[in-house]
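Residues: numbered from 1 along the sequence shown. When a ligand or atom number is given, it counts from 1 through the structure's own listing order.
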Amino acid sequence: MTNSEYLFKEAVKVIPGGVNSPVRAFGSIGSTPRFIKRAEGAFIYDEDDNQYIDYIGSWGPMILGHNQKDVLEAVTEACKHGLSYGAATEVEVEMAKLVCELVPSIEMVRMVNSGTEAVMSAIRTARGYTRRDKIIKFTGCYHGHSDGLLVKAGSGVMTAGVPDSLGVPKGCTQDTLSAIYNNLDSVKEHFNRCGEEIAAIIVEPVAANMGVVPPEPGFLGGLRSICDEYGALLIFDEVITGFRLGIDGAQGYYGIKPDLTTFGKIIGGGMPVGAYGGRKEIMEVVAPLGGVYQAGTLSGNPIAMAAGLTQLTILKENPEFYKKLNDNGEWFFEEIRKIVSDAGLPYQVNHVGSIGSLFFTKEKVKDYDSAKTSDTKAFADYCNYMLKEGIYLAPAQFEAIFLSMAHSREILEQTLEVMKKYFL
Ligand code: HOZ
């Protein structure tokens with residue numbers, strides 16, 4: 001028995017499913033998790049000292065690679081002063097100023113502890129600001145696990161084939177309307193029926209929890225126009241795309257300004273952080289200024305702020321990083337496309353910049369239904385092979401491949417060689 005197998009055997013006795021987040025259980029590829037001991041650059045190492053090229057990157061935060069020395073130093077230094085005060089600090093002001101400077105649609109921002117919390121709070125803010133209750137989300141988009149958003153969600157919910165979650169009272173989702181990603185008509189139908197009651201549309205500007213599904217031309221702009229017409233707010237969930245597609249996220253990449261934005265992952269540099277922000281007049285409804293209550297003992301935690309601030313500062317000061325990262329993404333995903341095509345397989349490769357997915361289907365993947373046509377058994381076989389060969393991919397079809405600055409061309413080439421061995 002390997003050390004990972006032993007640890008998993010122990011874990012299942014005391015942790016539901018042996019893991020602290022479902023997709024990590026490797027259940028959908030019929031395998032068991034590798035227990036990770038350490039990470040460095042583009043590599044992670046398990047408890048059996050196997051080395052893997054890591055394409056998860058903690059599901060996005062490690063854009064600079066693991067254990068980046070400046071981030072690590074900032075955290076170590078911050079720890080010397082105290083781990084948490086539950087009080088205002090200078091570093092959180094610096095962090096808020098930087099976010100407002102980098103993302104033009106944001107004039108005020110509130111720090112929280114996760115993407116789930118950021119989205120839950122942004123929705124409450126939108127409802128409080130508009131004094132309306134209904135929201136629209138897209139089937140296959142995942143916005144964390146708060147009650148009202150576990151409706152036709154992506155990520156682990158989709159992988160498990162569970163349309164909704166047990167334990168969510170009907171009352172919590174009665175105001176959540178679902179529309180089809182990349183289909184403006186499905187959105188208009190809701191607005192035609194009850195437009196005056198809709199507080200907001202929330203969308204992943206690049207869907208990355210049903211695998212990666214880019215927005216089709218005109219989709220995000222269409223959402224902006226519909227919201228403007230009906231006085232609803234447009235919320236971009238940039239937990240994955242924020243500070244990844246560019247310093248100003250998907251909104252900068254596609255040139256569409258949302259009213260509210262949610263962040264997680266990269267904004268914390270590997271520490272648990274989320275944030276939501278937007279125009280001042282909207283954010284002023286949040287307590288203690290306004291009547292929308294939201295709070296958190298560990299919000300703006302000084303260690304997390306030190307990590308996030310350092311990572312964002314490095315990204316701001318090195319704009320060439322994004323060009324390199326996006327060029328690498330462009331090249332890497334195109335090479336994958338060539339490999340499957342040379343193998344005579346009709347599979348689809350979707351990507352935007354440094355995130356992408358290989359779908360085991362002949363259908364163009366543009367929404368939840370087309371993503372679901374993927375052959376998840378074929379994916380599982382491929383994923384297990386890659387793992388055996390030292391390539392650590394998300395163990396589920398409906399997640400993304402993440403590249404980081406530490407994934408050099410040489411590392412990417414090594415990965416492609418393994419893919420060639422599998423497919424050709
Ligand atoms: N929510 C993440 C996938 N989209 C998974 C998080 C985790 O397992 O750490």
- Task: Could you tell me whether a side-chain N or O of Gln68 sits under 3.5 Å from a main-chain N or O of Val71, the two making a donor and an acceptor?
- Result: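 Yes, the answer is positive, given that a donor and an acceptor are paired below the 3.5 Å cut-off.
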- Query: Would you say Asn3's side chain and Glu47's backbone share a donor-acceptor pair under 3.5 angstrom?
  - Reply: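 Yes.
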Would you mind checking if [Y] and [X] are paired as a salt bridge, meaning a charged N to carboxylate O distance below 4.0 Å?
X	Y	result
Lys421	Glu389	yes
Asp259	Arg224	yes
Glu334	Arg337	yes

What are the atom names and distances for all N or O pairs under 3.5 Å between ligand 1 and the protein?
unit_1   : atom_1 : unit_2 : atom_2 : d
ligand 1 : 4 (N)  : Ser155 : OG     : 3.1
ligand 1 : 4 (N)  : Asn209 : OD1    : 2.8
ligand 1 : 4 (N)  : Glu399 : OE1    : 2.8
ligand 1 : 8 (O)  : Ser21  : OG     : 2.9
ligand 1 : 8 (O)  : Arg24  : NE     : 3.2
ligand 1 : 9 (O)  : Arg24  : NE     : 3.0
ligand 1 : 9 (O)  : Arg24  : NH2    : 2.8
ligand 1 : 9 (O)  : Trp59  : NE1    : 3.1

- Item | Partners passing ring pair (Phe, Tyr, Trp, His ring centres under 6.0 Å) against Tyr422 (at least two apart in sequence or in another chain) |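 Checked Tyr422 against ring pair (Phe, Tyr, Trp, His ring centres under 6.0 Å); matches are Tyr382, Tyr385.
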